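Following: one structure in structure tokens, then a few remarks.
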Amino acid sequence: MDRTLEPEVMDSEEEALEYDSMDFTEVNRDFAQLAANVAPQHSFVLDLGTGTARIPIIFSQMRPDCQIRAIDLAPSMLKIAQKNIDLAHKNQQIKLELADSKKLNYPDQTFDVVMSNSLVHHIPNPLDLFQEINRVIKPKGKVIIRDLLRPASSPEVMDIVAQANLDYSPRQKQLFEDSLHAALTIAEIKTIIHELQWQKVNIYQSSPRHWTLEKT
């Protein structure tokens, strides 16, 4: 099945609220734990496509020694993210920024850790994103990325949505379906990593609908 792009930015208040109300607690915690396990002490961490900041909040609770910059290109997402950070009392540890993950305003080799969950499928040319990660990560930095895995066919997309048995509204289910159509395959991710000449990278299918990349 060919990739079908979806909008790069979810920036309506309605979509942001729909997204924030979707229960990703278990997968978010699993991803945050993966990043927390590899982050060196007192790391400077970048979270790309933070959405409503659920993952950096969980990460900050696991790793209070780390400082986090959490960025997104959607003001509506960041508005909710700031409320979530306020409620978690994490304003000193997590700083939000409106920014394009493909054109970061940070010097080279700034971050000890770059993490990103469910952003890659929003990017028209994912190589642009990975090249920018390559620029801002320190030479021995850690990269943890997770995203949806594109199925082989449209019927498989429908099967995945059905088998997930998620308590979603019709709009939330449509967002999920669109994201699966826009996702990459593991082979496509491996092609990007080969072009970057990254070493010590593990790319694997981490669930029936996700791939994970660990550069440690």
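Here the structure is a predicted model, which is why all the values come from computation and not from measurement.
Remark: E156 engages P151, A152, S153 in a side chain to side chain contact (heavy atoms under 4.5 Å, CB included) (not counting sequence neighbours). Remark: R29 engages no residue in a salt bridge (charged side-chain N to carboxylate O under 4.0 Å, His left out) (not counting sequence neighbours). The side chain to side chain contact (heavy atoms under 4.5 Å, CB included) check on N125 picks up L127, D128, with sequence neighbours excluded. Among residues two or more places apart in sequence or in another chain, the salt bridge (charged side-chain N to carboxylate O under 4.0 Å, His left out) test is passed with K90 by none. Scanning for side chain to side chain donor-acceptor pair (under 3.5 Å) contacts around R3 gives an empty result, with sequence neighbours left out. By the side chain to side chain contact (heavy atoms under 4.5 Å, CB included) test, E6 is found to be paired with H121, H122, D178, S179, A182, residues two or more places apart in sequence or in another chain being considered. Remark: T191 engages no residue in a side chain to side chain contact (heavy atoms under 4.5 Å, CB included) (not counting sequence neighbours). Contacts of E188 classified as salt bridge (charged side-chain N to carboxylate O under 4.0 Å, His left out), with partners at least two apart in sequence or in another chain: R150. Listed by chain and residue number, R69 satisfy the salt bridge (charged side-chain N to carboxylate O under 4.0 Å, His left out) test with E97 (two or more places apart in sequence, or in another chain).
For V120 against D147, the heavy-atom pair with the smallest separation is N-OD2, 2.7 Å. Heavy atoms only, all atoms of each residue included: I137 and K142 are closest at CD1-O, 3.5 Å. I160 and P208 make their closest contact through CD1-O, 4.3 Å (heavy atoms, listed as atom of the first residue, atom of the second, distance).
Here the straight-line distance linking atom CD1 of I85 with atom CD1 of I68 works out to 8.5 Å at 0.5 Å rounding. The structure places CG of N28 at 5.0 Å from CD1 of I58, a figure rounded to the nearest 0.5 Å. The structure places OG of S60 at 12.0 Å from CD1 of I55, a figure rounded to the nearest 0.5 Å. Once rounded to the nearest 0.5 Å, the distance linking CG of L148 with OG1 of T185 reads 13.0 Å. Residue L175 holds its CG atom at 9.5 Å from CD of E177, rounded to the nearest 0.5 Å. Here CD1 of I145 is found 11.5 Å from OG of S118. Values are rounded to the nearest 0.5 Å.
Residues H181 and M1 have side chains in contact (heavy-atom distance under 4.5 Å, counting atoms from C-beta outward). Within the 4.5 Å cutoff, no side-chain heavy atoms of I94 are placed close to those of F59. In this structure, V143 and N134 have side chains that are not in contact, with every pair of non-hydrogen atoms separated by 4.5 Å or more. Under the 4.5 Å side-chain criterion, counting only non-hydrogen atoms from C-beta, L104 is not in contact with D100. No side-chain heavy atom of I123 sits under 4.5 Å from any side-chain heavy atom of F130. Between V136 and Q109, every side-chain heavy-atom pair lies at or beyond the 4.5 Å cut-off. Side-chain contact between R209 and L149 is absent, with no heavy-atom pair separated by less than 4.5 Å. Counting heavy atoms from C-beta outward, S101 and L119 have side chains that approach closer than 4.5 Å.
Atom CE of M158 is surrounded by 12 or fewer heavy atoms from other residues, nucleotides or ligands within 6.0 Å.
Put simply, L129 and V113 are part of two different groups of oily side chains (I, L, V, M, F, W, Y) that touch within less than 4.5 Å, one to the next. In the hydrophobic clustering of ILVMFWY residues, with side-chain heavy atoms under 4.5 Å counting as a link, V114 and I189 come out together. Cluster annotation: L196 is connected to L213 through the hydrophobic network of ILVMFWY side chains, with a link wherever side-chain heavy atoms come within less than 4.5 Å. Linking ILVMFWY residues whenever their side-chain heavy atoms come closer than 4.5 Å, directly or via other members, places I192 and I203 in the same cluster. In terms of hydrophobic clustering, with Ile, Leu, Val, Met, Phe, Trp and Tyr side chains grouped at heavy-atom distances under 4.5 Å, L96 and I57 are assigned to a common cluster.
Remark: the backbone N or O of C66 is paired with a side-chain donor or acceptor of Q93 at under 3.5 angstrom. A donor-acceptor pair under 3.5 Å is absent between the side-chain atoms of K83 and the main chain of K79, judged by distance alone. Under the 3.5 Å distance criterion, the side-chain polar atoms of N84 are matched with a main-chain donor or acceptor of T52. A distance-only check finds no donor-acceptor pair linking the side chain of E214 to the backbone of T216 [under 3.5 Å].
Residue pairs that meet the ring pair (Phe, Tyr, Trp, His ring centres under 6.0 Å) test with at least one member in residues 183-216, sequence neighbours left out, do not exist here. Pairs passing the ring pair (Phe, Tyr, Trp, His ring centres under 6.0 Å) check and including a residue from residues 79-109, sequence neighbours excluded, read Y106-F111.
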Kindly list each side-chain donor-acceptor pair under 3.5 angstrom involving residues 30-48, sequence neighbours excluded, with atom names and distances?
from : atom 1 : to   : atom 2 : distance (Å)
D30  : OD2    : R146 : NH1    : 2.6
D30  : OD2    : R146 : NH2    : 3.4
Q33  : NE2    : N37  : OD1    : 2.8
N37  : ND2    : Q33  : O      : 3.3
S43  : OG     : P40  : O      : 2.6
D47  : OD2    : T50  : OG1    : 2.7

